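For reference, the structure discussed in these notes is given below.
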Amino acid sequence: NSLVNTVRGELGRDNSNSRYGGGTSNWCGYFASWALKNTTMSNGKTLYSYLTANMTKTQKYAVYHASGLWPAFKGEKKKKGTAFYKGKAYGGNYTHKTGDIIWYQWTDGECRSNYGRWNGSTMCSDHVEIVTGVTGNSITSVGGNSGTPGLVRERTISLSSEVIIAFGTFY
């Protein structure tokens, strides 16, 4: 709930003062990392430090890109207790939870243009957000650089949508 409260507290903000790091127009990864760095666990550590503990320096730098958090959830560097799940449109059957990380690949986005429809393993997503609610067959998430102009916004989307490619969970 702390992570959800952190991201919801930012709704409507922009990145004009580089609040979420970097002056880039693609700041969704910066926002997700900012939220993890600003959410403290009961042991006093941040979620960011917990999730990135096993990652290399290069991988930690990459977390500011939409796909950059994947190593924390998938592969040999993943943190114990974390998991990576495919979206429903890609054969996944994971029961989604509030606080999960969610990755999107837009049908007209850069990833799909360069690599085609997600194949279940290529590390390329166009957008990353934090799940704030699950109701029936819909999921609500908050992310930075959403919409036009790019703001911190909340979206609700069908869980079966092909733009939802994966989830990361850490509890």
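For reference, positions follow the sequence shown, starting with 1. It should be emphasised that the depicted structure is a prediction, and the values quoted were computed from it without experimental measurement.
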message: Apply side-chain contact (heavy atoms from CB on, under 4.5 Å) to residues V7 and E10 and explain how you reach the verdict.
response: CA-CA 5 Å; V7 297; E10 300 301 300; 5.8 Å; no
message: What verdict does the side chain to side chain donor-acceptor pair (under 3.5 Å) test give for E129 and S146, after you've listed the backbone C-alpha separation in whole Å, the side-chain angles of each residue and the deciding distance to 0.1 Å?
response: CA-CA 9 Å; E129 294 189 351; S146 292; 3.1 Å; yes
query: Step by step, would you call N145 with Y20 a side-chain contact (heavy atoms from CB on, under 4.5 Å)?
result: CA-CA 10 Å; N145 195 33; Y20 308 111; over 6 Å; no
Y48 six-ring centre to K37 NZ/CZ under 6.0 Å and within 45° of normal: yes
statement: Between the OG atom in S141 and the CG atom in D100, the distance rounded to the nearest 0.5 Å is 11.0 Å
query: Taking C-beta and beyond as the side chain, do K97 and V131 meet within less than 4.5 Å on heavy atoms?
result: no
field: Verify same cluster id: I102, I165 (apolar side-chain graph, 4.5 Å)
entry: no
query: Without hydrogens or angle criteria, can the side chains of T156 and S138 be said to hold a donor-acceptor pair below 3.5 Å?
result: no
query: What residue among Y85, W103, F167 forms side chain to side chain contact (heavy atoms under 4.5 Å, CB included) with F73?
result: W103
query: So, T46 and T40: side-chain donor and acceptor under 3.5 Å apart, yes or no?
result: no
field: Single-linkage hydrophobic cluster, 4.5 Å side-chain cutoff, V4 and L51 together
entry: no
- prompt: Regarding R13 and the six-membered ring of F31, is the cationic atom NZ or CZ under 6.0 Å from the ring centre and inside 45° of its axis?
  reply: no
query: With under 30° as parallel and over 60° as perpendicular, where do the rings of Y104 and W106 fit, or are they tilted in between?
result: parallel
message: Go through it in stages, so that I can follow the logic: the residues are L11 and E154, the test is side-chain contact (heavy atoms from CB on, under 4.5 Å), and I'd like the CA-CA distance, side-chain angles, deciding distance and then a yes or no.
response: CA-CA 7 Å; L11 287 169; E154 193 166 52; 4.0 Å; yes
- request: Before giving the answer on side chain to side chain donor-acceptor pair (under 3.5 Å), spell out for S161 and S158 the whole-Å C-alpha distance, their side-chain angles and the decisive distance to 0.1 Å.
  value: CA-CA 5 Å; S161 173; S158 169; over 6 Å; no
- request: Decide, yes or no, whether a salt bridge links R112 with E162 under the criterion of side-chain N to carboxylate O below 4.0 Å.
  value: yes
query: Can you hop from I164 to M123 via hydrophobic side chains spaced under 4.5 Å?
result: no
- prompt: Would S2 and N5 count as a side chain to side chain donor-acceptor pair (under 3.5 Å) if you check the C-alpha gap in whole Å, the side-chain angles of each, and the deciding distance to 0.1 Å?
  reply: CA-CA 5 Å; S2 295; N5 291 337; 5.6 Å; no
